[in-house]
Asker: 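Attaching a single structure in structure tokens format; questions to follow.
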Amino acid sequence: PEPLAVDPPPDTETTAVESADGDRPPSDELTHYRHNRHAAADVQVGMSAALRNLRFTFADGLDHPECVAVHPDGSVWAGGEAGQIYRIPPAGGEPEEVARVEGGFVLGIAFSPDATWMAICALKQHSLQRLEVKSGKVELFARQAGPHTIAIPNYPAFRGNGELFVSESGAFKAKAGMLMRFDPEGRGEIWHGGPLQFANGIAFDGDESFLYVIESLGLPGVIRIPVR
């Protein structure tokens, strides 16, 4: 979109509200000051309204997408309710269905550090699926994290070393959420047992010192957990 063009507010630097000896300025100066003050406020309000109304549809026609991930080549990927995995060109436009998870309903997705495969949270299969980016092949990655059988795998996030962290929401009306960790071969464990009330989106900070976790139905809010 084109940048917003907004005229700067009138110069008010030389307009005094009160003189050094405490006298109020003449009424015409007060009028000038008030005019400039309100003009500046009007510009700020106008800019805020313009920014709120500024939007750009990058792609549409997707089936209930719950997630988004950007590939290093600039393409944007998303999932669908019927299990679709969409690829959208870097410039936006028509989404292409490049793969499908049997059973449907893709929640979170994330690319591996080398972007050769994608981790997919598959709600209906109660599992994590692995998509090979080049071939489009989808296969089971994990149904278990140690002794835990996955219930609602919600959102994945990779560390630079290839470890995959995934939020397990547990159940909609129970405080049963937790965080799972998997190696690249799909061997998993419970990394943080919570309990959290519907653990949702997760993300690492820049140096992976902390994992930030959305707790949708508890706080609701954001939890920060040190990564050791």
Side-chain angles (χ1 to χ4, degrees), residues 1 52-112 115 117-143 145 149-158 164-180 182 196-204 212-223:
R52 283 197 303 271
N53 294 328
L54 183 63
R55 56 180 295 175
F56 171 64
T57 300
F58 189 75
D60 60 8
L62 284 71
D63 176 23
H64 191 170
E66 288 269 347
C67 53
V68 64
V70 180
H71 190 272
D73 68 5
S75 60
V76 177
W77 297 55
E81 184 169 340
Q84 306 96 324
I85 297 294
Y86 299 103
R87 182 187 183 277
I88 304 164
E94 188 71 21
E96 174 192 5
E97 183 179 331
V98 295
R100 184 172 289 232
V101 177
E102 292 299 324
F105 219 148
V106 172
L107 296 181
I109 59 175
F111 287 107
S112 62
W117 67 280
M118 171 189 284
I120 303 170
C121 291
L123 175 60
K124 294 294 182 67
Q125 289 202 23
H126 308 286
S127 68
L128 300 173
Q129 301 287 316
R130 176 182 175 127
L131 166 65
E132 296 296 331
V133 171
K134 188 173 182 179
S135 68
K137 180 182 178 182
V138 178
E139 59 186 3
L140 177 67
F141 182 71
R143 291 190 188 277
T149 300
I150 297 173
I152 304 178
N154 201 311
Y155 210 92
F158 282 95
L164 175 64
F165 284 63
V166 180
S167 59
E168 158 71 280
S169 297
F172 285 98
K173 296 183 179 180
K175 197 169 185 178
M178 61 187 72
L179 298 163
M180 305 175 291
F182 299 86
L196 305 174
Q197 193 158 352
F198 210 80
N200 208 320
I202 62 174
F204 289 102
Y212 290 84
V213 184
I214 295 292
E215 188 180 28
S216 294
L217 303 179
L219 299 173
V222 179
I223 296 168

Asker: Kindly write out the residues that satisfy side chain to side chain donor-acceptor pair (under 3.5 Å) with Tyr155, not counting sequence neighbours, or none if the list is empty.
Answerer: none

Asker: Taking the side chain as every heavy atom from C-beta outward, state whether Ile120 and Leu128 have any pair of such atoms under 4.5 Å apart.
Answerer: no

Asker: Please tell me whether Phe165 and Phe182 form a close aromatic pair, meaning their ring centres lie under 6.0 Å apart.
Answerer: no

Asker: Taking Ile88's backbone N and O only, do any of them form a donor-acceptor pair with Ser75's side chain (distance below 3.5 Å, no angle check)?
Answerer: no

Asker: Determine whether a donor-acceptor pair (N or O, by modelled atom type, separation under 3.5 Å) exists between the side chain of Gln84 and the backbone of Tyr86.
Answerer: no

Asker: For the residue pair Phe198 and Lys175, establish whether any side-chain heavy-atom pair is separated by less than 4.5 Å.
Answerer: no

Asker: List the residues meeting side-chain contact (heavy atoms from CB on, under 4.5 Å) with Leu179, not counting sequence neighbours, and say none if there are none.
Answerer: Ser167, Trp191, His192, Ile202, Leu211, Val213, Ile225

Asker: Between Glu97 and Ile85, is there a side-chain heavy-atom distance shorter than 4.5 Å?
Answerer: no

Asker: Would you say the side chain of Ser127 lies within less than 4.5 Å of the side chain of Ile150, judging by non-hydrogen atoms?
Answerer: no

Asker: Would you list the atom pairs, donor with acceptor, under 3.5 Å between side chains in residues 131-142 and any protein atom, with sequence neighbours excluded?
Answerer:
from   : atom 1 : to     : atom 2 : distance (Å)
Glu132 : OE2    : Arg130 : NE     : 2.7
Glu132 : OE2    : Arg130 : NH2    : 3.3
Ser135 : OG     : Lys137 : N      : 3.2

Asker: Going by the salt bridge (charged side-chain N to carboxylate O under 4.0 Å, His left out) test, which pairs reach into residues 61-78, not counting sequence neighbours?
Answerer: Asp73-Arg87

Asker: With sequence neighbours left out, write down each residue that passes side-chain contact (heavy atoms from CB on, under 4.5 Å) with Val222, or none if nothing qualifies.
Answerer: Tyr212, Ile214

Asker: Do you know the tightest heavy-atom contact between Leu164 and Ala119?
Answerer: CD2-CB, 3.8 Å

Asker: Stepwise, does the side chain to side chain contact (heavy atoms under 4.5 Å, CB included) test hold for Cys67 with Val106?
Answerer: CA-CA 8 Å; Cys67 53; Val106 172; 4.0 Å; yes

Asker: Any idea which heavy atoms bring Glu94 and Pro89 closest together, and the distance?
Answerer: O-CD, 3.5 Å

Asker: Would Trp77 and Phe111 count as a ring pair (Phe, Tyr, Trp, His ring centres under 6.0 Å) if you check the C-alpha gap in whole Å, the side-chain angles of each, and the deciding distance to 0.1 Å?
Answerer: CA-CA 10 Å; Trp77 297 55; Phe111 287 107; 5.4 Å; yes

Asker: Sequence neighbours left out, what passes salt bridge (charged side-chain N to carboxylate O under 4.0 Å, His left out) with Glu81? Give chain and number order.
Answerer: none

Asker: Taking all non-hydrogen atoms of both residues into account, name the closest pair between Ala122 and Gln129 and its distance.
Answerer: CB-CG, 3.9 Å

